[in-house]
J.: 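Next up is a structure, given as structure tokens.
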Amino acid sequence: MSANQTPPTATPDAVKNSAFLKACRREPVPHTPVWFMRQAGRSLPEYRKVREGVPMLESCMRPDLVTEITLQPVRRHNVDAAIYFSDIVVPLKAIGIDLDIKPGVGPVVENPIRTRADLARLRDLTPEDVSYVTEAIGLLTRELGATPLIGFAGAPFTLASYLVEGGPSRTYENAKAMMYGDPELWADLLDRLADITAAFLKVQIEAGAAAVQLFDSWVGSLAPADYERSVMPASAKVFEAVAGYGVPRIHFGVGTGELLRLMGEAGADVVGVDWRVPLDEAARRVGPGKALQGNLDPTILFTTPEAVEAKTREVLDAAAGLEGHVFNLGHGVMPSTDPDALTRLVEYVHTQTAR
Ligand SMILES: Cc1c2[nH]c(c1CCC(=O)O)Cc1[nH]c(c(CCC(=O)O)c1C)Cc1[nH]c(c(CCC(=O)O)c1C)Cc1[nH]c(c(C)c1CCC(=O)O)C2
């Protein structure tokens, strides 16, 4: 093993043999595994109760709260994987970036990153900066038993979109202007973010995360040629940095139909697909050797159980020929979703796909 290679992690056998990890490895499964992006928090009344009076970022730094919130959807819905409760901006906060998560708005950065001098504020992340993550994952893996824990991070482009814009955006005009107008500064910014993201994922894997997901939620705003030239190298650097652990790497974005092949080639084992591209078509675009994750439109959950089943059937039919399928929504659970609709959906996918 060369000096810059990482050792494989000791994922327990019971977790390794879970339906979720088998599907990620494209092995036969007893049933199609299910989890939901943004299953922790959001729609659960028990989540709102424990969060009462605790600001979002503070809750991410408290191992007792992180453990409880991560476990809540596992207890309630019988999902096949847990996702670590945190946020994509937590590693940026941990290195001292002055940002906050405003309720109903999202991440807001006090002083956006716009110039070369601003880059100096992005120092490396050390495990000590996020010791609460290591502690929480230690607690969680004990409680979860055979249920895998998914670690996650924001991808360089999506993190840059918040850092350069200063908050949520529809058009990403400042970020894209930097990408087109000062490609060297942009490349250096994304490279810095790749290192921070890779360090944050390593902390989670070394603490016991059995898989990781890179959220490039907003990268669908780019044309494939610009993605390939200006973003893919940084995302590929993140995937490469954690390749040696042997844990599945999931890559997800919204509106990424035109980018699916490149997002797989960046180094993912599993490509996440939103609801705009049927999974059989997504498989053709991604090519062989990758599992797919997705892709029920989350808004269908506001209709009737019959309509949810019919739409789920379409997803399962499109997924029938795939090498590996992890059932998920095409984007995160929306806050006003009825939690019982999620529980019924898990049950439906499990019974429809039982082998
Ligand atoms: C773009 C992005 C963010 N955060 C995240 C993404 C990528 C996923 C995606 O595309 O949806 C990722 C994220 N954020 C959160 C998780 C927890 C784990 C999970 O349940 O998936 C995960 C995986 C908790 C959170 N992150 C946030 C909340 C809500 C804050 C609260 O409950 O007070 C939660 C539970 C805040 C947040 N943070 C962010 C947004 C857009 C918001 C929502 C703002 C709002 O509408 O209130 C940035």
Side-chain angles (χ1 to χ4, degrees), residues 34-62 65-77 79 81-93 97 99-109 133 136-137 140 149-163 165-170 172 175 193 197 200-201 204 209 211-221 250-256 272-275 293-295 298 326 328-337 339 342:
V34 188
W35 72 280
F36 303 119
M37 293 183 280
R38 314 296 293 267
Q39 69 188 15
R42 291 258 157 149
S43 70
L44 297 185
E46 59 268 38
Y47 165 71
R48 290 192 203 107
K49 188 144 182 273
V50 295
R51 274 287 319 283
E52 239 164 64
V54 188
M56 176 63 193
L57 281 170
E58 192 184 318
S59 70
C60 296
M61 295 171 199
R62 284 187 39 189
L65 286 186
V66 169
T67 303
E68 169 58 21
I69 296 168
T70 302
L71 291 171
Q72 283 174 347
V74 180
R75 290 190 201 114
R76 195 191 249 265
H77 302 310
V79 281
I83 179 147
Y84 182 76
F85 180 77
S86 184
D87 192 79
I88 57 167
V89 296
V90 162
L92 302 176
K93 182 79 182 174
I97 299 293
L99 62 81
D100 198 6
I101 295 180
K102 300 242 157 83
V105 178
V108 176
V109 180
V133 173
I137 293 182
L140 267 168
L149 176 70
I150 303 168
F152 75 91
F157 176 85
T158 290
L159 292 179
S161 79
Y162 287 105
L163 286 172
E165 299 297 336
S169 169
R170 281 214 180 100
Y172 315 103
L193 292 170
T197 297
F200 190 56
L201 290 178
Q204 296 174 67
V212 287
Q213 176 155 323
L214 194 63
F215 280 97
D216 213 348
S217 300
W218 313 138
V219 79
S221 58
I250 311 169
H251 199 183
F252 170 78
V254 182
T256 50
V273 183
D274 82 1
W275 62 90
Q293 176 174 283
N295 68 346
V326 175
N328 207 313
L329 303 176
H331 195 187
V333 173
M334 291 192 281
S336 52
T337 305
L342 292 170

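Both ligands and their constituent atoms are indexed starting at 1 by order of listing. What you see is a predicted model, and the numbers here were worked out from it, not measured in a lab.
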J.: Has Glu165 got a side-chain atom pairing as donor or acceptor with Ala175's backbone, closer than 3.5 angstrom?
T.: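 Such a contact is found between Glu165 side chain and Ala175 backbone.
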
J.: Quick one: does Ser221's side chain get under 4.5 Å of Phe157's, heavy atoms only?
T.: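 A side-chain contact exists here, since the closest heavy-atom pair is under 4.5 Å.
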
J.: Looking only at protein heavy atoms, which one is nearest to atom 12 (C) of ligand 1, and what is the separation?
T.: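 I find the closest protein heavy atom is Ile88 CG2, 3.8 Å.
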
J.: Looking at atom 30 (C) of ligand 1, what's its closest protein heavy atom, distance included?
T.: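 Nearest protein contact, heavy atoms only, for atom 30 (C) of ligand 1 is Met56 SD, 3.7 Å.
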
J.: Within the structure provided, determine whether Met37 and Phe215 are in side-chain contact (heavy-atom separation under 4.5 Å).
T.: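 Yes, side chains in contact.
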
J.: Does at least one non-hydrogen atom of Tyr47 fall below 4.0 angstrom from an atom of ligand 1?
T.: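 So Tyr47 counts as touching ligand 1.
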
J.: Are any of the N/O atoms in Asp87 less than 3.5 Å from those in ligand 1?
T.: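 Between Asp87 and ligand 1, an N or O pair is found under 3.5 Å apart.
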
J.: Considering non-hydrogen atoms only, spot the tightest contact between Tyr47 and Ile69 and give its length.
T.: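 Heavy-atom minimum between the residues: CD1-CG2, 3.6 Å.
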
J.: Among Ala40, Ser86, Gly154, which one puts a heavy atom closest to atom 24 (C) of ligand 1?
T.: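 Minimum heavy-atom distance to atom 24 (C) of ligand 1 goes to Ser86.
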
J.: From the options Gln39, Gln72, Arg51, select the one whose nearest heavy atom is closest to atom 33 (O) of ligand 1.
T.: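 Going through Gln39, Gln72, Arg51 one by one, Arg51 has the nearest heavy atom to atom 33 (O) of ligand 1.
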
J.: Check whether any side-chain heavy atom of Val89 lies under 4.5 Å from a side-chain heavy atom of Met56, and answer yes or no.
T.: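 No - every pair of side-chain heavy atoms lies 4.5 Å or more apart.
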
J.: I want to confirm something. Looking only at heavy atoms, which of Ser161, Pro107, Gly41 is nearest to atom 39 (C) of ligand 1?
T.: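 Going through Ser161, Pro107, Gly41 one by one, Pro107 has the nearest heavy atom to atom 39 (C) of ligand 1.
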
J.: Between ligand 1 and Gly104, is the shortest N or O to N or O distance under 3.5 Å?
T.: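 Yes - when backbone and side-chain N and O of Gly104 are compared with those of ligand 1, one distance drops under 3.5 Å.
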
J.: Nearest protein heavy-atom contact for atom 43 (C) of ligand 1: which residue, which atom, what distance?
T.: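 For atom 43 (C) of ligand 1, the nearest protein heavy atom is Arg42 NH2, 3.8 Å.
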
J.: Which atoms of ligand 1 sit under 4.0 Å from any heavy atom of Trp218?
T.: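 Under 4.0 Å from Trp218, ligand 1 has these atoms: 1 (C).
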
J.: Are the side chain of Thr158 and the backbone of Trp218 linked by a donor-acceptor contact shorter than 3.5 Å?
T.: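 It does hold such a pair.
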
J.: When you compare the side chain of Leu57 with that of Leu99, does any pair of heavy atoms fall below 4.5 Å?
T.: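 Yes, side chains in contact.
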
J.: Of all the heavy-atom pairs spanning Pro168 and Gly106, show the shortest one and how long it is.
T.: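 So the two residues come closest at CG-CA, 4.5 Å.
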
J.: Mind checking whether Arg38 contacts ligand 1 via backbone (N, CA, C, O), side chain (CB onward), both or neither, at a 4.0 Å heavy-atom cut-off?
T.: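 The answer is both, backbone and side chain.
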
J.: What part of Tyr84, side chain from CB on, backbone N/CA/C/O, both or neither, has a heavy atom under 4.0 Å from ligand 1?
T.: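 Under 4.0 Å from ligand 1, Tyr84 contributes backbone atoms alone.
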
J.: Of all the non-hydrogen atoms in the protein, which one sits nearest to atom 23 (C) of ligand 1, and at what distance?
T.: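 Going by distance alone, atom 23 (C) of ligand 1 is nearest to Phe152 CZ, 3.4 Å.
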
J.: Which of the numbered atoms in ligand 1 are under 4.0 angstrom from any heavy atom belonging to Ile101?
T.: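 Counting from 1, the qualifying ligand atoms are 36 (C).
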
J.: Would you check if the side chain of Asp274 reaches a backbone N or O of Gly255 as a donor-acceptor pair within less than 3.5 Å?
T.: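 Such a contact is found between Asp274 side chain and Gly255 backbone.
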
J.: Using a strict cut-off of less than 4.0 Å between a Lys/Arg side-chain nitrogen and an Asp/Glu carboxylate oxygen, indicate whether Glu46 and Arg75 qualify as a salt bridge.
T.: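 Between Arg75 and Glu46 there is no salt bridge, as every charged N stays at least 4.0 Å from the carboxylate O atoms.
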
J.: Could you tell me the residue and atom name of the protein heavy atom closest to atom 8 (C) of ligand 1, and the distance to it rounded to 0.1 Å?
T.: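 Nearest protein contact, heavy atoms only, for atom 8 (C) of ligand 1 is Phe215 CD2, 3.3 Å.
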
J.: Using non-hydrogen atoms of the residue, decide whether Ser217 is closer than 4.0 angstrom to ligand 1.
T.: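 So Ser217 counts as touching ligand 1.
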
J.: Between His331, Met334, Met37, which one has a non-hydrogen atom sitting closest to atom 9 (C) of ligand 1?
T.: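 Among His331, Met334, Met37, the closest heavy atom to atom 9 (C) of ligand 1 belongs to His331.
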
J.: Would you say Tyr162 and ligand 1 have an N/O pair spaced under 3.5 Å apart?
T.: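 N/O-N/O distance below 3.5 Å does not exist for this pair.
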
J.: If you define the side chain from C-beta out and look only at heavy atoms, does anything of Pro339 sit under 4.5 Å from Pro45?
T.: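 Result yes, sub-4.5 Å side-chain heavy-atom pair found.
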
